Amino acid sequence: MKKYDYLIVGAGLFGAVFAEQAKRHGKRILVIDRRDHIAGNVYTESVEGINVHKYGAHIFHTNDKRVWEYVNRFAEFNRYTNSPVANYHGELYSLPFNMYTFNKMWGVVTPEEAQAKIEEQRAAAGITEPKNLEEQAISLVGTDIYEKLIKGYTEKQWGRPCDALPSFIIKRLPCRFTFDNNYFNAKYQGIAEGGYTKMVENMLEGIEVRLGVDFLENKDELCALAETVVYTGAIDEYYGYKLGALEYRSVRFETEILDKPSFQGNAVVNYTDRETPWTRIIEHKFFEFGDQPKTVISREYSSEWTVGDEPYYPVNDERNSVLYAKYKELAESEQGIIFGGRLGEYKYYDMDTVIASALKLSENILE
Ligand code: UDP
């Protein structure tokens, strides 16, 4: 008999949730991560008393009551509501697209006027059945908003023209004919008080975790330890990119501590013009209503991922979907290993959906 029932590769959300559930079912578990910390990309670290989202902003939001109750067992969530501001060459607009945005853009006052304006621009662009992100965006909010608030940001974020991107990406954003600046259509929302690292630490309580261990470099030795491997790393990397590399977008963060209480007065400001080189600036203290004398900001620069970079966003376009399907086929023919999470499943997961998916796997194989 092997020493562990499960070797979990990756101490991010997927790995931590599955580990927590496996432990509850009396399984013997080892969690490893090649980084020197747990929590994957939701990792937060305290700088000047402010929890800095080291791998980009993570705002927990969900409509899934079960997931909400689940995370609340490991952290208390505050009442943070995401309301980003868009900065287009110094002109500020409310996000998501709502009556404040429409009023600033066109001077319209009522929902009917806003809808008429959008309809006029959609008709002028001749779009009936949107086939890509550009057409989807114009048909949702019209040409002016597309040009000022979507086109530049999206092309910086994805490094591809908007007409070569799938429309689902823009459907993540609500478009509302009300004065509601809440970025998410989610019943439950908040930030884990004290940081997400603490939350993941609570999930992993009593579980053996080894950090700084690279699975792919010690594969045979590590696999010999456990009956089943749950692998949350990149699926193409696992196979040595033998069918070709899947494409990802990577993000570089330039983080600065500033000797003033506030830099931008909001947690998130998106720079939606093409000329500003960063996509957004995060001011971390505002996620937790901080009143520290200093502030910490991170500028985000999006770039094409190359081998060795940190993969962030899967590029779920046609080419990559076809390639991923081939890797998935390989994975399914293998015994003793399960692929999960954003990198293992090559999926643009939010925190809640990745948790739901780990809970589902747990249900399927542990119960
Ligand atoms: N987006 C945009 N302008 C904005 C914010 C978002 O055009 O000011 C588009 C962009 O294509 C982005 C997508 O909407 O990739 C989804 O945005 P979201 O904020 O959900 O992205 P994430 O927070 O996951 O980076």
Side-chain angles (χ1 to χ4, degrees), residues 13 41-42 53 55-62 80-89 91-98 100-102 104-105 130 132-176 181-186 189 191 247-253 264 266-276 278-282 287 298-305 310-317 342-343 347-354:
L13 272 184
N41 282 6
V42 304
H53 296 215
Y55 302 90
H58 283 83
I59 300 144
F60 192 86
H61 56 99
T62 191
Y80 178 80
T81 301
N82 196 30
S83 307
V85 170
N87 181 324
Y88 175 81
H89 290 304
E91 280 172 37
L92 301 184
Y93 292 92
S94 291
L95 289 175
F97 314 117
N98 67 51
Y100 291 113
T101 328
F102 306 139
K104 177 101 188 236
M105 191 67 72
N132 53 51
L133 194 153
E134 176 174 282
E135 295 184 2
Q136 182 68 59
I138 294 172
S139 81
L140 283 174
V141 290
T143 318
D144 291 336
I145 290 180
Y146 169 67
E147 294 288 341
K148 285 191 169 182
L149 305 184
I150 297 174
K151 191 172 194 290
Y153 186 93
T154 299
E155 295 190 353
K156 286 190 286 186
Q157 166 74 14
W158 294 97
R160 286 158 179 75
C162 289
D163 60 6
L165 287 165
S167 35
F168 85 85
I169 294 177
I170 200 69
K171 288 197 206 142
R172 291 169 55 83
L173 269 69
C175 171
R176 293 197 192 102
N181 282 329
N182 185 351
Y183 198 63
F184 300 115
N185 279 327
Q189 182 172 176
I191 301 282
E247 293 172 298
Y248 298 90
R249 294 296 288 172
S250 194
V251 189
R252 179 170 63 83
F253 301 96
Q264 61 187 17
N266 203 34
V268 185
V269 176
N270 290 359
Y271 286 76
T272 58
D273 58 80
R274 193 70 192 82
E275 289 68 32
T276 305
W278 52 86
T279 50
R280 56 189 169 194
I281 301 182
I282 304 300
F287 287 129
S298 299
R299 287 186 173 77
E300 290 186 20
Y301 298 83
S302 178
S303 62
E304 196 65 19
W305 171 90
E310 226 31 277
Y312 281 86
Y313 297 88
V315 181
N316 294 107
D317 62 7
R342 180 178 49 99
L343 300 175
K347 206 163 171 184
Y348 190 174
Y349 268 136
D350 283 326
M351 296 168 81
D352 64 327
T353 44
V354 90

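All ligand and atom numbering here is 1-based and tracks the order in the structure. Small disclaimer: the values here were computed from a predicted structure and weren't measured.
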A.B. asks: If the test is side chain to side chain contact (heavy atoms under 4.5 Å, CB included), which one of S167, C162, P161 qualifies with E134?
C.D. replies: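 Between E134 and the candidates, side chain to side chain contact (heavy atoms under 4.5 Å, CB included) is satisfied uniquely by C162.
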A.B. asks: To the nearest 0.5 Å, what is the distance between CD1 (I59) and CE (M351)?
C.D. replies: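 CE of M351 is found 9.5 Å from CD1 of I59.
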A.B. asks: So, do K104 and S94 sit near enough that their side-chain heavy atoms are less than 4.5 Å apart?
C.D. replies: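 They are not in contact (no side-chain heavy atoms under 4.5 Å apart), so the answer is no.
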A.B. asks: For ligand 1, list every N/O pair with the protein closer than 3.5 Å, one pair per line with the distance.
C.D. replies:
{"unit_1": "ligand 1", "atom_1": "3 (N)", "unit_2": "L149", "atom_2": "O", "d": "2.9"}
{"unit_1": "ligand 1", "atom_1": "7 (O)", "unit_2": "I150", "atom_2": "O", "d": "3.4"}
{"unit_1": "ligand 1", "atom_1": "7 (O)", "unit_2": "T154", "atom_2": "OG1", "d": "3.0"}
{"unit_1": "ligand 1", "atom_1": "8 (O)", "unit_2": "N270", "atom_2": "ND2", "d": "2.9"}
{"unit_1": "ligand 1", "atom_1": "11 (O)", "unit_2": "T154", "atom_2": "OG1", "d": "2.7"}
{"unit_1": "ligand 1", "atom_1": "15 (O)", "unit_2": "W158", "atom_2": "NE1", "d": "2.8"}
{"unit_1": "ligand 1", "atom_1": "19 (O)", "unit_2": "Y183", "atom_2": "OH", "d": "2.6"}
{"unit_1": "ligand 1", "atom_1": "20 (O)", "unit_2": "R172", "atom_2": "NE", "d": "2.8"}
{"unit_1": "ligand 1", "atom_1": "20 (O)", "unit_2": "R172", "atom_2": "NH2", "d": "3.2"}
{"unit_1": "ligand 1", "atom_1": "21 (O)", "unit_2": "Y348", "atom_2": "OH", "d": "3.1"}
{"unit_1": "ligand 1", "atom_1": "23 (O)", "unit_2": "R280", "atom_2": "NH1", "d": "3.2"}
{"unit_1": "ligand 1", "atom_1": "24 (O)", "unit_2": "R172", "atom_2": "NH2", "d": "3.2"}
{"unit_1": "ligand 1", "atom_1": "24 (O)", "unit_2": "Y348", "atom_2": "OH", "d": "2.5"}
{"unit_1": "ligand 1", "atom_1": "25 (O)", "unit_2": "R280", "atom_2": "NH2", "d": "3.1"}
{"unit_1": "ligand 1", "atom_1": "25 (O)", "unit_2": "Y313", "atom_2": "OH", "d": "2.6"}

A.B. asks: Can you check side-chain contact (heavy atoms from CB on, under 4.5 Å) on L13 and Y349, steps first, answer last?
C.D. replies: CA-CA 11 Å; L13 272 184; Y349 268 136; over 6 Å; no
A.B. asks: Using a strict cut-off of less than 4.0 Å between a Lys/Arg side-chain nitrogen and an Asp/Glu carboxylate oxygen, indicate whether E304 and R249 qualify as a salt bridge.
C.D. replies: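 Looking at E304 and R249, the cut-off is met.
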A.B. asks: Angle class for the Y348/F168 ring planes (parallel below 30°, perpendicular above 60°, tilted otherwise)?
C.D. replies: perpendicular
